[in-house]
J.: 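Structure in structure tokens, see below.
Model, not experiment: these values are computed from the prediction. In this chain, numbering begins with 1 at the start of the sequence shown.
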Amino acid sequence: MGLNYEYEVIVRNVKNPRIEINAKGNVKVIVPPSQDPEDIIKKKMAWIESKLNELEQIKKQFGPLSSKFLFNGDFYSLIQGEDFFVNPKFKVVSLPHGDFKVLKKWLKDRLREELDFKVRLFASIMDVRYRKVYIRFQKTKWASCSKKGNLSFNLALMALPEGLRDYVIIHELAHLRIPKHGDEFWGLVKTYYPDYVEAKKRLRVFWLLLEWNEVWQNLRGVKV
């Protein structure tokens, strides 16, 4: 069977080869110098095909909604109005003069308020200690935990349903006790978020939606 798609090869000093597929369907093969990239492609061909097919299906379903604002797991229409407001009932955001700065500041304030409460709450329940909490607009991660115990959360978390934000918070707090992913780590996460496997799958879908979403891409370029 021949390879019916193009792929980029990156040779790097990594222990294990891996394959990455981005939101545009570009396939990237990362291999150590000693490994033939075509070998890993042939071994993973069925997996790659399934992922590309899954990507295409998700894009067909949600692609037409890419111009709407993804917030709290729902799609909101943006309208021009004299005042800024968000109406959850009718799924509408009024944006005066199309000013995305107003929207971005509102999102940061909302996320800050939620994190101030929930990080403290979950940390108490999980019996872990953290230092500072930052809000950033990260390009590759929902959140991260530093060796010093500082937590960074992506502003794009506001696109997620609240329950998925809870998972991300619990995930990062678990790193304060167990830095690396492994059976012990996932066992700890499961204690506080039993449905973590499904949460991970849903996060991958939402990450794709954000990559395609025009409003969030505009927000990324706005400074507040």
Side-chain angles (χ1 to χ4, degrees), residues 10 12-23 28 30 32 51 70-74 103-211 213 216-217 219-224:
I10 297 177
R12 191 179 294 164
N13 289 322
V14 293
K15 185 176 180 180
N16 299 308
R18 69 178 186 270
I19 296 173
E20 297 177 356
I21 302 175
N22 67 14
K28 185 184 296 182
I30 302 169
K51 290 297 178 184
L70 183 56
F71 172 64
N72 266 349
D74 289 317
L103 178 58
K104 191 169 185 177
K105 184 180 184 306
W106 182 82
L107 288 167
K108 289 182 77 172
D109 290 344
R110 286 287 299 268
L111 182 57
R112 171 60 64 188
E113 182 180 354
E114 186 172 322
L115 291 174
D116 284 348
F117 172 70
K118 287 195 171 180
V119 174
R120 189 183 306 116
L121 173 66
F122 291 145
S124 176
I125 294 171
M126 297 171 68
D127 193 26
V128 294
R129 291 187 178 183
Y130 61 94
R131 294 186 67 188
K132 295 182 179 180
V133 175
Y134 297 96
I135 294 175
R136 310 188 192 281
F137 213 151
Q138 292 152 301
K139 292 184 178 180
T140 60
K141 296 179 179 180
W142 290 112
S144 60
C145 174
S146 75
K147 292 180 180 179
K148 293 182 179 180
N150 295 321
L151 304 172
S152 294
F153 292 96
N154 194 333
L155 179 63
L157 286 169
M158 293 306 292
L160 303 177
E162 187 175 352
L164 279 185
R165 290 200 291 274
D166 290 349
Y167 163 72
V168 173
I169 295 170
I170 289 169
H171 182 116
E172 295 309 321
L173 289 173
H175 276 307
L176 293 171
R177 190 178 298 170
I178 307 170
K180 294 186 178 181
H181 295 143
D183 291 343
E184 188 181 1
F185 173 83
W186 293 115
L188 178 61
V189 171
K190 186 176 181 180
T191 300
Y192 299 99
Y193 202 99
D195 203 17
Y196 77 94
V197 174
E198 182 62 25
K200 289 167 65 178
K201 292 178 182 177
R202 294 183 68 200
L203 282 179
R204 285 194 287 271
V205 173
F206 273 102
W207 190 268
L208 290 173
L209 301 188
L210 282 169
E211 288 291 301
N213 192 266
W216 277 100
Q217 292 306 315
L219 287 170
R220 186 173 289 283
V222 171
K223 292 184 178 181
V224 175

J.: How long is the span from the CD atom in Glu20 to the NZ atom in Lys51, to the nearest 0.5 Å?
T.: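 Going from CD on Glu20 over to NZ on Lys51, the span is 13.5 Å.
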J.: Answer yes or no: is there a donor N or O on one side and an acceptor on the other, between the side chain of Arg112 and the main chain of Leu107, under 3.5 Å?
T.: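 Checked: no pair found.
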J.: Hey, mind stepping through Phe122 and Val128 against side chain to side chain contact (heavy atoms under 4.5 Å, CB included) and telling me if it holds?
T.: CA-CA 9 Å; Phe122 291 145; Val128 294; over 6 Å; no
J.: Counting the benzene-type ring for Trp, do Phe71 and Trp106 have ring centres under 6.0 Å apart?
T.: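 For Phe71 and Trp106, the ring centres are under 6.0 Å apart.
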J.: Decide side chain to side chain contact (heavy atoms under 4.5 Å, CB included) for Arg18 and Lys28; before the verdict, give the C-alpha distance in whole Å, the side-chain angles of both, and the deciding distance to 0.1 Å.
T.: CA-CA 8 Å; Arg18 69 178 186 270; Lys28 185 184 296 182; over 6 Å; no
J.: Which heavy atom in Lys148 sits nearest to a heavy atom in Arg131, and how many Å separate them?
T.: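 Taking Lys148 first and Arg131 second, the nearest heavy atoms are O-CD, 2.7 Å.
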J.: Quick check against the 3.5 Å criterion: does Tyr193 have a side-chain atom that pairs as donor or acceptor with the backbone of Gly163?
T.: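 Yes; at least one donor-acceptor contact below 3.5 Å.
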J.: Can you measure from CD1 (Ile170) to CD1 (Ile125) and round to the nearest 0.5 angstrom?
T.: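 Spacing of CD1 (Ile170) from CD1 (Ile125) equals 8.0 Å.
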J.: Among Leu160, Leu164, Asp195, whose side chain to side chain contact (heavy atoms under 4.5 Å, CB included) with Arg202 holds?
T.: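 Among Leu160, Leu164, Asp195, the one meeting side chain to side chain contact (heavy atoms under 4.5 Å, CB included) with Arg202 is Leu164.
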J.: Minimum heavy-atom separation for Glu172 and Cys145, please, with both atom names.
T.: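 That would be OE1-N, 3.3 Å.
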J.: What's the shortest heavy-atom distance between Asn154 and Leu111, and which atoms?
T.: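 So the minimum-distance heavy-atom pair works out to O-CD2, 3.7 Å.
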J.: Would you give the length of the straight line joining atom CG of Leu115 to atom CG of Leu151, rounded to the nearest 0.5 angstrom?
T.: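 Here the interatomic distance stands at 9.0 Å.
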J.: About how many Å separate CG of Leu176 and NZ of Lys147, when rounded to the nearest 0.5 Å?
T.: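 Output value for this atom pair is 14.0 Å.
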J.: Can you name the nearest heavy-atom pair linking Arg177 to Leu188, along with the distance?
T.: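 In this case the closest contact between Arg177 and Leu188 is NH1-CD1, 3.4 Å.
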J.: Compare every heavy atom of Trp207 with every heavy atom of Lys141, then report the nearest pair and how far apart it is.
T.: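 Closest approach of Lys141 to Trp207, heavy atoms only: N-CH2, 3.6 Å.
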J.: How about Phe206 and Pro161: do any of their side-chain heavy atoms sit closer than 4.5 Å?
T.: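 With C-beta onward as the side chain, the pair touches.
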J.: How long is the gap from NE2 on His171 to OH on Tyr192, to the nearest 0.5 Å?
T.: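 The OH atom of Tyr192 is 15.5 Å from NE2 of His171, to the nearest 0.5 Å.
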J.: Would you say Trp216's side chain and Leu70's backbone share a donor-acceptor pair under 3.5 angstrom?
T.: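 Yes.
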J.: Can you tell whether the side chains of Asp116 and Arg120 come within less than 4.0 Å, N to carboxylate O?
T.: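 No, no charged N to carboxylate O under 4.0 Å.
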J.: Supply the atom-to-atom distance Arg136 CZ to Lys108 NZ, rounded to the nearest 0.5 angstrom.
T.: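 It is 10.0 Å, given to the nearest 0.5 Å.
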J.: Any chance you could lay out the side chain to side chain contact (heavy atoms under 4.5 Å, CB included) test for Lys118 and Arg165, step after step, and finish with the verdict?
T.: CA-CA 10 Å; Lys118 287 195 171 180; Arg165 290 200 291 274; over 6 Å; no
J.: Test your reading of the model: is there a side-chain donor-acceptor pair from Arg12 to the backbone of Ile30, 3.5 Å cut-off?
T.: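 Checked: no pair found.
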